[in-house]
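Numbers restart at 1 for each chain; the letters A, B, ... are given by sequence-line order, proteins then strands.
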Amino acid sequence: MDLDSISILLLWTAIAIYAGAFIAYAFDLARRSSLSDEERVLVAAGGVGADAVARGSVASGGSAVGGAGVSGVGARPRLVMARIGTALTVLGWLFHLGATLTRGFAAGRVPWANLYEFAMIGTLLIVLVYLVVLTRIDLRYLGTFITGLVLVLLGAAAANFYVIVTPLVDPLKSVWLVIHVFVASLATALLALAFALSVMQLLQARREHRLADGAEKAGPGFLRTLPDAGRLENLAYRFTVVGFIFWTFTLIAGAIWAQDAWGRYWGFDVKETWTFIIWVLYAGYIHARATRGWRGTPSAWLSITGFAAVLFNFTIVNVFFKGLHAYSGLS
Amino acid sequence: MSSSRSDTRGDRRGPDGASAASDPLRPSDHIDAEESEVTQPRLGFVGWLRWAWRQLTSMRVALVLLLILAIAAIPGSIFPQRMADPNGVTKFKADNPDLFPILDKLSLFDVYLSPWFSAIYLLLFISLIGCIIPRIRHHLKALRAAPPRTPARLSRLEDHREVQRDGSPDDAATAIDIAQKQLKALGYRVARYDRGSTWSVSAERGYWRETGNLLFHIALVGVLVTVGVGGGFAYTGQKVVIEGKSFVNTLIDYNSINRGRFVTDDALQPYAIGLDSFDVTYQPFGTPGAGQAGDFKANVTVREVDGSTREGSVRVNHPLSVAGDQVYLLGNGYAPTITVRNAEGTVVHSAPVEFLPQDSNMTSLGVLKIPDGMPEQLGITGFFYPTVVKLETGAYASAHGELNLPLLTLDVYQGDLGIDDGTPRSVYTLDTSSLTKLNGRGTDVKSIELQPGETADLPNGLGTITFEDESPAGATDPTESVKRYVSLQIHHDASAPWVLAFALLALAGLGLALFVPRRRMWVKATASDGVIRLEYAGLARGEDPTLAAAVDDLVRRHARLLDGAAPRRAEPVKGA
Ligand code: HEM
């Protein structure tokens with residue numbers, strides 16, 4: 001068996017394990033809705049208590065809507081399904097890493113030079129960022145979303161975008177392939193987390209509104225165990241600004257590369273255009289958060305729009321738009 | 001949005017120590033700005049202008065303009081753009097003849113040069129400049145301002161800690177001295193506010209945050225200005241050069257050139273570039289990507305303006321620098337050398353002819369025009385196959401890009417080439433409207449087929465045509481029988497390094513603006529009855545997730561310093 005076949009085998013194994021993780025996380029969300037009030041306080045507090053970043057607000061009492069109180073800090077929430085989900089995610093990630101490495105060795109270059117490989121490295125980094133963040137902040141309530149997104153992207157790539165290893169075309173033979181594409185993938189991973197948090201923020205904000213209006217049923221029950229909307233927004237913002245910096249770097253590195261490969265640093269090629277649109281959207285998001293009347297729900301929608309554009313750029317633009325960036329490897 | 005009010009800035013704006021001269025200036029609709037009543041435009045022209053300016057430089061307008069900019073950029077990715085894909089525009093026009101003129105009126109094929117797109121970004125940048133100038137002025141002052149007076153009741157701040165220690169008023173003053181040194185070492189700007197039996201130090205840090213923000217926005221203006229000005233002085237030209245030939249960097253020697261508004265006729269430096277040879281490698285048969293060409297390399301000799309010569313190469317991703325210009329390798333192809341003789345045996349044409357590749361195996365299409373020396377003007381179209389194979393249909397194709405089995409097929413036209421009236425015509429296309437086809441498909445005479453070195457008769461006894469073999473003497477295979485050509489792009493843009501410099505400044509500014517925490521700290525000591533009450537408080541000025549940890553840290557280290565300092569002072573007592 002050659003290395004590339006091993007890579008494919010590892011990748012499908014990883015996909016299967018991620019599917020298991022997805023199911024476990026989904027059960028976790030379902031179970032969260034049925035937690036008793038007491039347990040749920042513990043969970044919500046644990047959800048942020050370990051987070052040095054959010055501590056200031058916890059200590060202050062913050063807004064009590066999320067159920068987070070000082071009392072819960074230190075108590076270990078017992079979310080068995082979430083633990084299983086995380087364990088499976090780690091396992092799946094190791095197979096995923098193996099698949100990516102063997103693909104790289106098979107090709108004798110960095111494994112991110114066509115759409116299939118972009119999907120592989122992009123999702124690898126999404127899961128990596130998620131797992132690294134988990135060591136500091138309990139974001140397991142995003143597990144369903146993250147593993148779901150990775151399943152869809154990786155499954156589609158493995159099933160539809162697979163291409164055999166071929167030598168690089170000349171324009172890709174550049175150090176900027178290593179830097180530019182990697183940083184773009186990293187930015188995407190951070191923005192994906194921010195996106196998930198913004199979605200949760202919207203759900204939570206809606207729930208808080210309904211509760212304030214005295215509604216009985218205020219939305220999905222698992223929301224009771226999540227931090228309040230304000231805290232979700234702060235987290236989303238922090239991931240976004242780091243992602244935004246990486247994206248800015250991607251834009252600049254791409255321009256340097258274009259100058260070498262195509263003889264101009266900027267030409268509004270389709271892919272360049274979308275990278276620019278995404279950059280402007282996120283600049284808008286950062287402004288929105290600092291603008292009275294735009295913080296909260298409107299800015300969350302901007303974050304969601306921004307990530308929709310990232311996904312659009314990654315899938316539709318790569319596959320269907322023609323331009324100089326025709327590196328999907330599909331014909 | 002009440003739900004998100006628990007944000008760090010939202011609820012940390014206490015009445016104490018919250019605003020000071022050192023605070024950055026923000027537009028009035030900024031989330032940190034005091035809510036001001038809706039200002040009606042004052043009567044009169046000036047009042048109205050002032051109101052409009054306030055609106056234009058507000059956060060809201062900046063935000064809306066950013067979003068409009070993002071949306072306005074989208075059509076340019078949907079419709080082919082003249083600047084990026086001129087062939088796509090031509091094709092679109094042919095496919096949608098009715099729609100095209102309407103879309104073209106709306107500048108949808110020149111989105112990024114269109115009046116409406118320009119209006120958006122110019123408004124955005126006017127807003128930006130209007131926004132940052134007062135902020136720069138304010139920030140320069142803030143950089144020199146002292147940290148604000150210690151609030152009377154530190155306990156009203158969120159991040160507040162309190163410690164009691166035994167000690168005299170002198171010890172209280174010393175404790176604050178120590179805290180002052182400690183804060184200073186941490187990079188805070190400090191000021192003492194001692195009064196009666198309270199001693200306090202007020203400290204502020206994070207001025208780099210606003211500096212970075214301003215740097216970022218200024219650098220954006222820098223990028224726009226350098227791109228705009230630079231474009232006026234830039235030129236980009238294309239030139240096809242055949243192996244063994246050279247070209248001189250003058251306006252007339254280019255196949256095509258675009259130049260900025262301020263590029264004068266004599267702005268080009270007359271250096272020369274000669275193509276010595278062109279290298280390319282192909283993936284061997286039987287390997288993945290078989291036949292894929294790569295490692296393109298044009299080996300050239302450059303004659304500088306001062307007459308000195310040097311050798312160099314032009315590769316993809318590795319342009320060649322000559323006299324401040326960048327030389328790029330855009331394309332390549334075959335240029336079969338064709339000799340045509342008339343019926344008397346006189347040579348009427350003998351030169352390599354550039355054939356344009358049509359597929360990845362270098363099936364190439366070429367045109368040869370012979371205006372003089374024949375009874376009537378001749379036009380010849382030809383296909384060139386570097387490695388010819390015959391398909392089942394009987395048609396030829398090329399199976400590989402390399403010269404393994406080269407074949408040239410030619411069809412001859414006679415009549416009027418349409419070039420005498422001075423209309424510019426592409427050398428790569430033949431206008432057959434006033435020409436009669438003499439051989440090939442649609443006639444009774446077969447196409448001419450030639451391998452290197454072969455000669456054939458032209459139809460109607462017009463003369464002969466030869467496909468010259470360019471192989472060096474003693475060659476045993478056809479791999480060098482046909483000359484290659486490269487298409488070079490020469491690009492001059494002195495502004496590129498400046499654009500890069502501003503872009504990197506923007507990146508640096510962004511890093512500072514987003515990650516430097518801006519905060520105030522106070523340490524206050526109140527002495528009474530042999531007990532010192534030590535208060536510590538922090539106030540975030542902007543996104544600052546680590547403030548609480550920083551206050552804890554301050555308390556801990558201060559305690560350690562005090563503990564460390566105390567025994568030393570106590571020692572003489574013990575020793576006595
Ligand atoms: C050319 C378009 C613009 C872009 C791409 C842009 C981008 C950004 C970015 C990325 C930030 C975050 C960095 C930071 O927080 O310091 C920011 C912040 C900021 N921008 Fe802009 N900006 C633009 C125009 C403007 C304009 C026209 C104004 C004035 C109304 C403005 C005012 C501000 C302010 C006040 C902040 C600080 C926000 C805060 O306090 O968090 N910007 N901008």
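Smallest separation of non-hydrogen atoms from A/Ala261 and B/Val316: O-CG1, 4.5 Å. Taking all atoms of both residues into account, the shortest heavy-atom contact from A/Gln259 to B/Tyr328 is O-OH, 2.8 Å.
A salt bridge links B/Asp295 with A/Lys173: at least one charged nitrogen is closer than 4.0 Å to a carboxylate oxygen.
With a threshold of 4.5 angstrom between heavy atoms, B/Leu124 does not approach chain A through any atom at all. Of the two parts of A/Val165, only the backbone, made up of N, CA, C and O, holds a non-hydrogen atom closer than 4.5 Å to a non-hydrogen atom of chain B. For A/Trp176, no part lies under 4.5 angstrom from a heavy atom of chain B. B/Phe216 touches chain A through its side chain: at least one heavy atom from C-beta onward sits under 4.5 Å away, while N, CA, C and O do not. Contact annotation for A/Tyr265: only side-chain heavy atoms (C-beta onward) come within less than 4.5 Å of a heavy atom of chain B. Looking at A/Leu168, the atoms closer than 4.5 Å to chain B (heavy atoms on both sides) all sit in the backbone: N, CA, C or O. Proximity to chain B (any heavy atom under 4.5 Å) is restricted, for A/Leu302, to the side chain, taken from C-beta onward.
Considering OG1 of A/Thr291 and CZ of B/Arg26, their distance stands at 11.0 Å, rounded to 0.5 Å. To the nearest 0.5 angstrom, A/Asp170 atom CG is 7.5 Å from B/Thr281 atom OG1. B/Ile74 contributes atom CD1, which lies 4.5 Å from atom CH2 of A/Trp274 (distance to the nearest 0.5 angstrom). A distance of 5.0 Å separates CZ in B/Phe117 from CZ in A/Phe268, rounded to the nearest 0.5 Å. Note that the NE2 atom of B/His30 and the NE2 atom of A/His287 stand 8.5 Å from one another [nearest 0.5 Å]. Between atom NE2 of residue B/His491 and atom CH2 of residue A/Trp262 there is a gap of 14.0 Å, rounded to the nearest 0.5 Å.
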Give every donor-acceptor pair under 3.5 Å between a side-chain atom in residues 493-514 of chain B and any protein atom, sequence neighbours left out.
{"unit_1": "B/Asp493", "atom_1": "OD1", "unit_2": "B/Ser495", "atom_2": "N", "d": "3.0"}
{"unit_1": "B/Asp493", "atom_1": "OD1", "unit_2": "B/Ser495", "atom_2": "OG", "d": "2.5"}

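Among the candidates A/Gly267, A/Gly263, A/Gly284, the residue making the largest number of heavy-atom pairs closer than 4.5 Å to chain B is A/Gly263. Comparing B/Val327, B/Leu66, B/Asn317, B/Leu329 by how many heavy-atom pairs each has under 4.5 Å with chain A, the most go to B/Asn317. For the set A/Ile164, A/Thr166, A/Thr248, A/Ile245, the count of heavy-atom pairs under 4.5 angstrom toward chain B peaks at A/Ile245.
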*asked:* Set out, in order, the CA-CA distance, both residues' side-chain angles and the distance that settles side-chain contact (heavy atoms from CB on, under 4.5 Å) for B/Leu69 and A/Phe276, then state yes or no.
replied: CA-CA 10 Å; B/Leu69 183 71; A/Phe276 172 72; 3.9 Å; yes
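Remark: B/Phe515 CZ is packed, more than 12 non-hydrogen atoms of other residues, nucleotides or ligands lying under 6.0 Å away.
At least one donor-acceptor pair closer than 3.5 Å links the side chain of B/Gln292 to the backbone N or O of A/Pro167.
Listed by first and then second residue, the side-chain hydrogen bond (donor to acceptor under 3.5 Å, both in side chains) pairs involving residues 305-315 of chain A amount to none (not counting sequence neighbours).
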